[in-house]
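Report on one structure; see the data block that follows.
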Amino acid sequence: MSSLLTALNPEQLEAVTLPHQSALVLAGAGSGKTKVLTTRIAYLIQSGEVSPHGILAVTFTNKAAKEMLTRIAAMLPINTRGMWIGTFHGLCNRLLRAHHQDAGLPQTFQILDSADQLAVIKRILKNLGADDEKFPPRQVQWFINNAKEEGLRASQVEAYDDYTRKMVEFYASYEHQCNKEGVVDFAELLLRSYELLMRNEIVREHYRSRFLHILVDEFQDTSRLQYKWLRLLAGPKTAVFAVGDDDQSIYAFRGANTGNMREFEQDFRIPRIIKLEQNYRSHGNILDAANTLIRNNNGRLGKNLWTSEGRGEPIRVYNAPTDFDEAAFIVDEVKSLRAEGVQLSQIALLYRSNAQSRVLEHALFNASLPYRVYGGMRFFERQEIKHALAYLRMIANPEDDNALLRIVNFPARGIGLRSLEQLQDEVRQQGGSLWEAMLKKCRGREPATSGLLNKSSAGVGENKEPDRPRRGIEGFVALIESMRQVCETLPLPEIVEHMLEHSGLIRHYQAEREGADRLENLNELVTAATAFVHEAEDDGLAVFLNHASLEAGEHQAGGGEDALQLMTVHSAKGLEFHSVFLSGLEEGLFPHDNSRNEAGGLEEERRLMYVAVTRAKRRLYLSFAQSRMLHGQTRYNIPTRFIEEIPQGVLKWLQPVQKTAPWRPAPLSPTQEVAQRPQIREMGVREATASPWRVGQNVVHAKFGAGVIVNCEGRGADARVEVKFGRNGSKWLLLEYAKLTAL
DNA sequence: CTAGCTGCTGTTTTT
DNA sequence: CAGCAGCTAG
């Protein structure tokens, strides 16, 4: 027992050994938060306070859940399977699956990821003949998810205007469609299980008396609905142990509500917040930067990280002319770090948005540096995998219209829009699923078909000639029916193999020029299925499909090699690295332009920056580029304000700002310039080539601060430039009066 | 019905 | 610079 506790500092020890009561732990970055959580669980079990059965722990990512399980397993010789440890979504899934009848769901209900959800919505909008100018599918999706997050069903949303009424109509229709198909989206997982607990006293009391301890990781990221879910699940005898850090709340955009921490304090009568402020991760300079930066935010619970380590190295700042140069710089530095003996896997390249990884990847590839990109297009989100999963879904449940539509004509088998519209009309009039309509059609018109199909499906096991793909609706129906029949008795990996072979997916991608990667991914799917069978307790097809929706990002090929880690700042949360490169630190990118309009947007961006900075243990690089290719055109940006918010004493500018910068040729060609601002024509451009005031030039204005020239016009006394300032937007300035300084 | 083209648009972060 | 919707020629 004591061995568990020896390595803890006084605050950690207090948190871990707290008696049976609810508690709120404010745990700064790198303060041993996961250690406290896992040690607490181990301590509770080892002291006999509770059995593994009585513990529920909830995290935000699958990665974190896995990490927690691994650490607990290392501390205690127990079977972790009985413990409920997972993400909110994962646990809700588990709950709904166990009580699917009470929740009004089919046993094999499937989960829609956001792309699937969008597809369903698009379909519905089309069906209802909605004006997609006025009602973009994405907005409808947003509306629905928001309503669910508020705990509202379509019938409960109050609509006082036509627009909202229309939205509610779509929502109702969407609800209906999902129920019919037996599918649930992410928000539905939460809402459904919330409603289940709310309405079903027996279920609720069962879990309330079962879970004596509920532990919540990243509590600052819980949404309103998640919090209500927790409050419902916690019985009078349940101790809720919440660990969070308001400064690391970076998911407000999807409903996270820091206010939950305050509310929790009151609802659960927390006498005193335990603060963990000693940081075991980073050196002093890095912590200084983080502390000073985050002090610019208001309404914090308040916390200051400190370390017993020294100041360490300064934070390196690099000012690159272009994104391309920035990437080259990073590659050089990575190489010398490697030469110093730093493992590549201990180096992270972080960026604000996924699109930024391209330049970096390009440079790394050319330098033959192995790297691994997290996030972005995930394995289970790739189109070939989605196609394959759709076939599997049809095998599990052919009523799944969404899956059917995805693959009914992929690979192409001669089922066009016309026949599909016919079917959909039929469904609209007579109800039922597309699949049923198809069956009716085949059976009704050509009773002979089903006889034929039975014969051919009997021969499937023989693997004769790789059967020629049958075309038309009959062919499709025969294919799915034969797959369903054959797969009834097969183990999961063989189901996948059989499906890949007979669906024609393999054949299709073999014929495609760029299909090699896709084939490899499809093979990888078989591997994933095999791995799943070994790990999961229930290895049925339906459960595997759920796993695929919920853990879209977990499965990444090529994990073993020592490689650089590329990811967004969001996905870096909770991780740490010897060295961190933070690139693209430009106004507009980080803080992102879109956060300007949102309430609290800037503060969330700052917290994001805080998270990024605190990932570094020893060395931190901050870099920005004066010009960057984005969405197909060159953009000019000034450095992020966040760099100014860091004490300059801890920074070391690697390429000091040059007063006499060597002039680069203006990246905009005259034709582009004309296309953008036809009224100024050659004039501005010619002028620009002759004077130091040219597009892309960084300048400082006495009143408006730092900016960058984005346009030139006129000459002599009339010469004007358009300057984009970070905080004050863009302004046209007369060069004669505006005292600009070139940087 | 299919494939291939054009032209348009939308762009943050994720379970 | 995507990815996608819509159109057109086979």
Side-chain angles (χ1 to χ4, degrees), chain A residues 58-65 86-93 111-119 122 126 132-133 136-139 145 148-149 184-190 218 221-223 225-226 248-256 350-359 374-378 380-381 383 408-421 471-473 511-512 546-554 567-574 584 588-598 601 604-605 607-609 611-612 628-635:
Chain A
V58 56
T59 62
F60 266 80
T61 62
N62 298 299
K63 218 190 306 179
T87 62
F88 273 104
H89 298 269
L91 295 174
C92 287
N93 179 39
I111 299 168
L112 302 177
D113 66 21
S114 8
D116 296 332
Q117 185 188 33
L118 192 63
K122 279 184 184 166
K126 208 162 244 172
D132 50 357
E133 296 273 285
R138 290 198 160 278
Q139 263 180 47
N145 289 338
K148 290 193 180 187
E149 175 53 43
V184 299
D185 57 51
F186 285 142
E188 184 71 26
L189 282 172
L190 285 164
E218 308 278 14
D221 286 334
T222 48
S223 70
L225 184 57
Q226 285 165 339
Q248 292 187 71
S249 161
I250 55 175
Y251 285 105
F253 71 91
R254 67 161 196 223
L350 307 184
Y351 33 81
R352 172 68 237 268
S353 59
N354 280 306
Q356 290 166 248
S357 75
R358 295 185 128 268
V359 207
Y374 291 80
M377 183 53 88
R378 289 115 173 262
F380 284 110
E381 287 169 1
Q383 65 141 318
V408 68
N409 200 32
F410 190 94
R413 48 175 72 85
I415 305 175
L417 252 52
R418 227 190 44 198
S419 11
L420 274 178
E421 257 164 42
R471 301 181 57 82
I473 292 187
E512 208 175 69
N546 272 300
H547 165 87
S549 307
L550 284 172
E551 299 197 16
E554 288 309 288
M567 64 191 89
T568 62
V569 179
H570 278 92
S571 36
K573 184 153 81 144
L589 216 58
F590 199 174
H592 197 279
D593 267 336
N594 295 5
S595 68
R596 261 171 197 271
N597 309 322
E598 292 155 29
E604 174 139 321
E605 296 285 313
R607 290 193 293 269
L608 199 50
M609 180 76 181
V611 168
R628 174 179 300 275
M629 267 297 254
L630 212 60
H631 310 311
Q633 56 180 330
T634 312
R635 305 238 181 161

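Please read these numbers as outputs of a predicted model, since none were measured by experiment. To find a chain, count down the sequence lines: A is the first, B the second, and so on, and within it residues start at 1.
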Residues two or more places apart in sequence or in another chain: which of them pass ring-ring contact (aromatic ring centres under 6.0 Å, His included) with A:His89? A:Phe186
Sequence neighbours excluded, which residues qualify as side-chain contact (heavy atoms from CB on, under 4.5 Å) partners of A:Arg635? A:Leu630, A:His631, A:Asn637
Just how far, in rounded Å, is P of B:dG10 from CD of A:Gln139? 10 Å
Which pairs, protein N/O on one side and nucleotides 4-7 of chain C N/O on the other, fall under 3.5 Å?
{"unit_1": "C:dA5", "atom_1": "OP1", "unit_2": "A:Lys122", "atom_2": "NZ", "d": "3.3"}

Grab the stems for DNA chain B, please: at least three consecutive Watson-Crick or wobble pairs, both distances below 3.5 Å, written as range with range. B:1-10 with C:1-10
What does the list of N/O pairs under 3.5 Å between the protein and nucleotides 2-9 of chain B look like, with a distance for each?
{"unit_1": "B:dT2", "atom_1": "OP1", "unit_2": "A:Gly414", "atom_2": "N", "d": "2.5"}
{"unit_1": "B:dT2", "atom_1": "OP2", "unit_2": "A:Asn409", "atom_2": "ND2", "d": "3.0"}

Do A:Phe253 and A:His592 make the cut of ring centroids closer than 6.0 angstrom? no
May I ask you to verify if any side-chain N or O of A:Ser419 is less than 4.0 angstrom from the OP1 or OP2 atom of B:dC1? yes
Does A:Asn354 place a side-chain N or O at less than 4.0 Å from the phosphate oxygens OP1/OP2 of B:dT11? no
Residues passing the side-chain contact (heavy atoms from CB on, under 4.5 Å) test with A:Pro411, sequence neighbours excluded, are A:Tyr391, A:Arg413, A:Leu505, A:His508
Sequence neighbours left out, what passes salt bridge (charged side-chain N to carboxylate O under 4.0 Å, His left out) with A:Glu604? Give chain and number order. A:Arg607
Report which part of the nucleic acid A:Ser114 touches: base, sugar-phosphate, or nothing (heavy-atom distance under 4.0 Å, all strands). base
Please confirm whether the shortest side-chain N or O distance from A:Thr568 to OP1 or OP2 of B:dT14 is below 4.0 Å. yes
When you get a sec, tell me which of B:dT14, B:dT12, B:dT11 is the closest nucleotide to the side chain of A:His592? B:dT12
Using a cutoff of under 3.5 Å, can you pull out all pairs of nitrogen or oxygen atoms linking the protein to nucleotides 1-3 of chain C, with atom names and distances?
{"unit_1": "C:dA2", "atom_1": "OP2", "unit_2": "A:Arg358", "atom_2": "NH2", "d": "3.2"}

Rounding to a whole Å, what distance do you find between A:Leu589:CG and B:dT13:P? 10 Å
Have a look at A:Phe60 and say if it touches a base, only the backbone sugar-phosphate, or nothing, with a 4.0 Å heavy-atom cut-off. sugar-phosphate
Apply side chain to side chain donor-acceptor pair (under 3.5 Å) to A:Ser114 and list each qualifying residue two or more places apart in sequence or on a separate chain. none
What residues, two or more places apart in sequence or in another chain, satisfy salt bridge (charged side-chain N to carboxylate O under 4.0 Å, His left out) together with A:Glu605? A:Arg352
Under the side chain to side chain donor-acceptor pair (under 3.5 Å) test, residues paired with A:Ser357 that sit two or more places apart: A:Glu361
Close side-chain approach of A:Asp185 and A:Lys148, heavy atoms under 4.5 Å: yes
What pairs with A:Phe60 under ring-ring contact (aromatic ring centres under 6.0 Å, His included), at least two apart in sequence or on another chain? A:Phe88
Closer to the 5' end of DNA chain B via nearest nucleotide, is it A:Arg352 or A:Glu381? A:Arg352
